[in-house]
Each structure stands twice: as C-alpha cells, then as structure tokens.
2 protein chains.
Amino acid sequence: MEVFWRQGYEGASVNDLTEAMGINKPSLYAAYGGKEELFRKAVARYAERDMGYARDAFAQPSAYEVVATLLRENVIAVTRPDKPHGCLSIQGGVACSTENAPVAGFLASSRLAGEGALADRLARAVAEGDLPAHADPIALARFVMIVTEGQAVHAAAGVSREDLRQAAEIALAGFSAASGARLPERATDPV
Amino acid sequence: MEVFWRQGYEGASVNDLTEAMGINKPSLYAAYGGKEELFRKAVARYAERDMGYARDAFAQPSAYEVVATLLRENVIAVTRPDKPHGCLSIQGGVACSTENAPVAGFLASSRLAGEGALADRLARAVAEGDLPAHADPIALARFVMIVTEGQAVHAAAGVSREDLRQAAEIALAGFSAASGARLPERATDPV
DNA sequence: CTAATTCTGTACCGATCGGTAAGGATTCGA
DNA sequence: TCGAATCCTTACCGATCGGTACAGAATTAG
C-alpha cells in the first residue's frame, strides 16, 4: 500500500512491491492475481485504515463540524510523518498511460463517490434546518473535496502540516460564508 | 505537450510522443536531447501558453480581483474542451518511480514558486492597504493554490466547468472572509 | 521412513522501456 | 552532373516491464 502511495500505480513496479512485501513474484500473483487487483485491495485497505476519519466526520452533529472535522483530519492524514505524504487516491494516478486508464478512472470515481456521500450528509443538514434552505449541498461538497485534493497535492510537495492547517481554516471560513452554516459554540481558529 | 498533459511524464512513452509529434525517435533525441529535457520544455511552453492568465491576474488592481481572476481563469484553463482536462503541472507527475523523482520534484517546486509569487502580490496588497494588516499573504496564497490544484484534479476526473466555477466562488468567499479583502463595486456571483 | 503436497525461489517469457548506431534517401554547393 | 553534407528511417541496444513455468525445499500424511 505504501509503495503505491509513494510511487503511484505505474511508478510502482512489481519488483518494488514484492521487495516491500518480503515475498516473491509468484507468491504475489498467487495471492492477489496481479498488479491491478493488488492495487485495488491496497486502495480498499487505505480507505478503511487511513481515511476512517471520514466516517467520524460524517457522524458529527452539525454540517459545520462535519466539514471542519473532514478538513482538519485530512490535513493530519496527508502529513503523517511515518507515512508517505499525500493521499493514495491522488498519488495513485491522476494521469497514466492509456493502457492503465481504467486505474485512473477507478480512483476518480472513488473520490467522486466520497463527494456524493458528503453531499448527502449536507443535504440532510439542510433538511434538518442545520443549513439554510438556500445552501447548495452538492456545490459545497464539491468545494470541500477540491480543498482536500489540493491539500493532498500540496502535502506530496512537502508542505508542512501546520501550513496546511492554516489553509484548512480559510477553507472552513469559505464554507461558513457560502453555506450560512451555524457555527458551533466554541470559537473557531481564525487565521 | 498534450501527451504529457494527458498521460503524465511516466505514462507518456517516447513512442507516444514521437507519434504525436510526427517525427522519429532519433529526431526527438537530436532536437531535444531526451525525454526529460523535452518534458521540461513542454512545461515551459505550458506555463507560457496555458497559464498566461496568471500574469493578467497578478496585474489586477486589487487583491480580491487578483484572486478572483486566478480562480476563475484556472477553472476555464483546466476544462478547455480542446485540451486535456486538468493541469500539466499536476498530471505531469505528483508521484512517480524513484528514478523519476526529480521530475516530480521539479513540478512541485514550480508550483510552489507560483505560490510564492502570489504571496508577494498579496503582501503588496497589505502594504498598499488594499488588504488589512492582519491578513496573512502566505497563508492566503497557499489556500488559493490549494484550490487551483484541487480543481485540476477534479477537472481531470471529468467534472464540468460550471461545477468547478461554483466551487471557485465558494473559495473566493473564503478568501474574502479570511483576508478581509475589500470587495470590488459590482456584485460578486453568490452561490 | 516414505510418499504425496504445498510452497518458495530461480529462471525465464514476450513486450516494451528509453536511447542509439548505421545505412539510404535527399538536398545542396560547385 | 557530381560529390558532400544533412537529414530521416530502420533496426537494434541492454534493461526492465508485468507475468509465468518449473524444479527443489519444506511440510504434512500415512
């Protein structure tokens, strides 16, 4: 998983993978079927282990807290000192050769599925009166996901956690301004 | 340039490139020296041709208009119907094999250089009183660049221009809220 | 202690990678 | 019209790609 994370789908050779796994090539093929299947399993594991914060975020009581948790936890996730910086879903392959286009498409649709889930959560907030009726859950979810993706790209470039956190707070201000979200009682961290 | 843009540095084979250029492999090597040199020239050409809007944006009279132009033109640039969707600087390679790490590093530092230029422009706005003294040019520039990068990733996933435009307006609201920027006279486009 | 079985590791498959050497066609100056 | 210099193309280089055949080692069953 970390090899794919660090080097992308195409940049990770089967030799790199087997070396990191401590097994031989035939064992990899016996256990996983092939490089692409292994990648899909790695992405699934990544989603469960390294993006578990999304579940916690969605469970927050208010839309503001959902988004705040998402943005702040994302910053932490993409800058863990013991893991590759960035996000597997981005690093994995935003662009690749035509023969591996399905991999890029798979990652893209995974990300958009997450965006859809966030939009659903925000729509619920509108229905509950937590967000005003004029708020656009789909557009807001898109904005939030765009910020998380940008942060992943930035993190991969080596930008520090604290620097990304500042940007997350600005994004949160944008979410509040554009959504009219009710703010939680304790003050937020202004930049 | 477009082959690199669409397939990334590693995903674009020399065969793909020569085919698109209508020349033979030895001609490519005679003219450019190698794949990596060709890529760097492609990036330079891209910066000049497809990111020229940045110069126009920096020339805007107010910080708000600088950022608004940057965000809105970026949306247009990453969703041109006759070009690959996304941004060469991102697609080119956010992650790649260890042997091509210099390419990814080169792209990352190019992007951060753009961020630095924007920070300088915003610092000027603070000095001129266009932005309040408490505004943080570096953090604001980082936020704007993060949004443009996220939009490039989103565009590469096939999200439409109009959808990205909505997100840009939300980001702009965030910039205004966090910077305390004076708004231009004509009303902005609320989401 | 032997026989059947799993399992690991070596060695190899054709294809493609980035990059190049050498020959054939073409164009140019004289 | 001839010789020379410049292309352009074909063919190939070693290395590596993803993927596999096969033999020897370890394990288990009887």
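Numbers restart at 1 for each chain; the letters A, B, ... are given by sequence-line order, proteins then strands.
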Check: If you check the B:P26 side chain, which of C:dG18, D:dT10, D:dT20 turns out closest?
Finding: D:dT10
Notebook entry, point to check: CD1 of B:I23 versus C1' of C:dG19: gap in Å, rounded?
Noted result: 14 Å
Check: Side chains of A:Q151 and A:T148: donor-acceptor distance under 3.5 Å anywhere?
Finding: no
Checklist line | Nearest-nucleotide pick for A:K35, side chain only, options being D:dG18, C:dG18, C:dT8 | finding: D:dG18
Note to self: I'd like to know if the side chain of B:E2 reaches the main chain of B:K83, judged simply by a donor and an acceptor atom lying under 3.5 Å from each other, with no hydrogens or angles considered.
What the structure shows: no
Notebook entry, point to check: How close or far is atom P of C:dG19 from atom CD of B:E37, stated in whole angstroms?
Noted result: 8 Å
Notebook entry, point to check: Which listed nucleotide (D:dT10, C:dT10, D:dG19) is nearest to the side chain of A:Y29?
Noted result: D:dG19
Notebook entry, point to check: Between atom CG in B:L28 and atom P in C:dC17, what is the gap in whole Å?
Noted result: 14 Å
Checklist line | Polar side-chain atom of B:R161 near backbone of B:I76 as donor-acceptor pair, under 3.5 Å | finding: yes
Next item on the list: Specify the separation, in whole Å, of atom NZ of A:K25 and atom C1' of D:dG18.
Entry: 7 Å
Notebook entry, point to check: Does NZ or CZ of A:K35 lie under 6.0 Å from the centre of the six-membered ring of A:Y9, at an angle within 45° of the ring axis?
Noted result: yes
Margin query: Quick check for you: among D:dG18, C:dC17, D:dC8, whose closest atom lies nearest to any side-chain atom of B:S27?
Written below: D:dC8
Check: Does OP1 or OP2 of C:dT16 have a side-chain N or O of B:N15 closer than 4.0 Å?
Finding: no
